Amino acid sequence: MTNVARFIDEVKRTHSCGQLRAADIGKEVVLFGWVQYYRDFGGLRFIDLRDRDGITQVVFDPDLSQEAHDLANTFRHEWVVGIRGVVRDRGMQFSKKKGEMVSAHNTALATGEVEVLVREAVVFNKSETPPFEIEDSVDTNEEKRLKYRYLDLRRPKLQKIFRTRSLMNQTVRQHLSGQGFLELETPVLVKYTPGGARNFLVPSRLHHKKFYALAESPQLFKQLYMVAGFDKYFQIVKCFRDEDLRLDRQPEFTQIDMEMSFVNQDDVFNTVEQLIFALWQAVFGVDLKERYPTGHFPRMKFDESMRRFGNDKPDLRFDLEHVELTELTIAHKGGGVPLLAEIAEGYLNGTDRREVPQRIVKALVVPAQSTLSRADTDKLEDFCRSMGAKGLARARVGEDGGWTQSPFAKNITAEFRTAINEAVGARPGDLLLFQFGPTAMVHTVMANLRLHLGKKLGLIPEYGTRDAWKFLWVIDPPLFEFDEKTNSWAPAHHAFTRPHDDCVQYLGTDPGRVLCHRYDIVLNGFEIGGGSIRLHDPDVQARVFAALGISEDEAKQKFGFLLEALRLGAPPHGGIALGMDRLAMLFAGSESIRDVVGFPKTQKGTDQMTEAPGPVTAEQLAELRVGVIETT
RNA sequence: GGGGUGGUAGUUAAGUCGGUUAUAACGCCGGCCUGUCACGCCGGAGGCCGCGGGUUCGAGUCCCGUCCACCCCGCCA
């Protein structure tokens, strides 16, 4: 029997490398793990042995076992080894460097009071020199980390993240099951449905010229579970979207998906709030009741969020709110500033409507104590340009309320300047930053500018949380958004979101005014979940389709099975999906979603390790009757 | 599709105004060391400067193109 087999079959591991404490002194133990560091003193040799639990120092003393000591001399980084030995107190030792007796305890290690004196050792497997060092402190570029993901995952930091993910999964299942939710599965291979995110397509071998789609979410199926009478559903489920990636997006990602019958918006919120409380308790041991004594998170209307923050996922950890100046600009007819006068003119002559503002004016105040140099503001301007802005107008407020360093300074009327100072609450030394023009651009630029400044001025960390958890429900968004390309109304969400009862009257006449029971839950500026109360009334559904210009035939063709289901005894229902990866990312205080996904894709959607996506043979394509079009 | 940042030894980085032998730390290899803990000390090896063109007497450095990674806009819950 080889030594390896004997250690695995007979000797057996007794403890993990993070387990041993002073109470274990005197025990004979067996540890298996990876060689983290080795320190050689000619005679005495120390090895830091690492596994997923932690690190234990093991000592090889030639006086005790020459054989084990000789073997240990061959150990290198990341070899997989096993040792059998006795736990002992590290005690007081004579330090040659310091010339006195010192405690050999290592307070930086959980196991630091003890060490294992080795009697017998075995090498399970050698390792070539790893392409990078397995340490939290040493950073390697993303490309290398992803190519050797299994090595990256050995780093204690990532090990911790994945243990947290496991705990999250467990907590969700336990909590929701306890609330009467059934964990039900839905198909991944589904029929392509237009609208929303782009689907990954899967050719059907059995049906030529036909394709499945990978489910972008279980949306329709969970509604059908409601129609089937399951009442409360949840699933921790993979979803697939073929869209461009971001720091917080992967092409395949995991949702905590939920749906409930006979509920209103408050019921959904209560359920989610309780789940979030349970998660924070389990993961951090934090009772969110201390921060949210009512047990509920604050709510903000979509409109308000756009006005104050420029997006629908405001980071409430800091202020720097936007100030909306469009009305003021109109009232002052641009106040002598040609570019603003042009915008005011649009509203005054009726080209622009206040109800659907196409162009707006916004400002943001950088307080006097946050000194930004000229170079800093120039960089801010570049930052704004990169997002489609024409520039970044600014003004430094003087002691008398006058403006300097501003392109507006020489043209603006004193009345308009005073009115703006008052509207934004400007004080001497403050820096005012302005954006004006197309609504979407202004919102995007100002929202990102706010975040950028928040980080630059140290109001929020570059990433991570510092334990500041700011939750928010964003509610009552419009049901439709105007698509300028097609000059028609398009669903802002999926087409089965329930409009507010008091808005149904506008469906035919003024679609832009229709608000709906759609909601997002936001944490520290990240949208961690979203859902809606669904439209279960076939009549209202028909009016929504009409407003969208979708004919009965077209609706039938696209969503026929769901429309039919809604006519066959569908209960009122609604639900939500929480982004598991984003939650895990925030839990980990991590800088990227890739840190919390086992084997993530790059921003171009490739897997650096397996080199997916890869080519397939002509035979494989032929079997699927799929041709490849060469583009130049 | 657009904008930005980066790519130099196994790894992380430095490399000035274009100048002759491209640095450092860690890692790797060899040696010494019985209380270290990211041990220490001595010695050594290691480079297609992402790739392809161009400018130049001369390119890691300047120009053009291209690939890869990251961040953002568009897109997307």
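None of these values were measured; they are calculated from a predicted model. By convention in this document, chain letters (A, B, ...) are assigned in the order of the sequence lines, proteins followed by strands, and residues within each chain are numbered from 1.
In this entry the distance linking CZ of A:Phe132 with P of B:G7 reads 20 Å, nearest Å. Rounded to a whole Å, the NZ atom of A:Lys147 is 13 Å from the P atom of B:A69.
On a pure distance criterion of 3.5 Å, a polar donor-acceptor pair joins the side chain of A:Arg249 and the base of B:C76.
Comparing B:C72, B:C76, B:G10 by their closest approach to the side chain of A:Arg246 singles out B:C72. In the set B:C68, B:G35, B:U11, the nucleotide with an atom closest to the side chain of A:Lys144 is B:U11. In this structure, of B:U34, B:G3, B:G35, it is B:U34 that holds the atom nearest to the side chain of A:Asp63. Set against B:A69, B:C28, B:C72, the side chain of A:Thr129 has B:C28 as its closest nucleotide. Nearest to the side chain of A:Ser592, among B:G30, B:U36, B:C71, sits B:C71. When each of B:C68, B:C75, B:A77 is scored by its nearest atom to the side-chain atoms of A:Glu527, the top-ranked nucleotide is B:A77. Of all nucleotides listed (B:C37, B:G35, B:C72), B:C37 comes nearest to the side chain of A:Asp48.
Within the 4.0 angstrom heavy-atom criterion, base atoms lie near A:Glu115.
In summary, the side chains of A:Glu135 and A:Tyr37 do present a donor paired with an acceptor at a separation below 3.5 Å, with no hydrogens or angles considered. Side-chain N/O atoms of A:Glu113 and A:Thr111 include no donor and acceptor closer than 3.5 Å.
Geometrically, A:Arg582 does not engage A:Phe587 in a cation-pi contact defined by less than 6.0 Å to the ring centre and at most 45° from the axis.
No donor-acceptor pair under 3.5 Å is formed between the side chain of A:Gln265 and the backbone N or O of A:Ile475.
Both stacking criteria are satisfied for A:Phe46 over the base of B:U36: a centre-to-centre distance under 5.5 angstrom and an angle between ring planes under 30 degrees.
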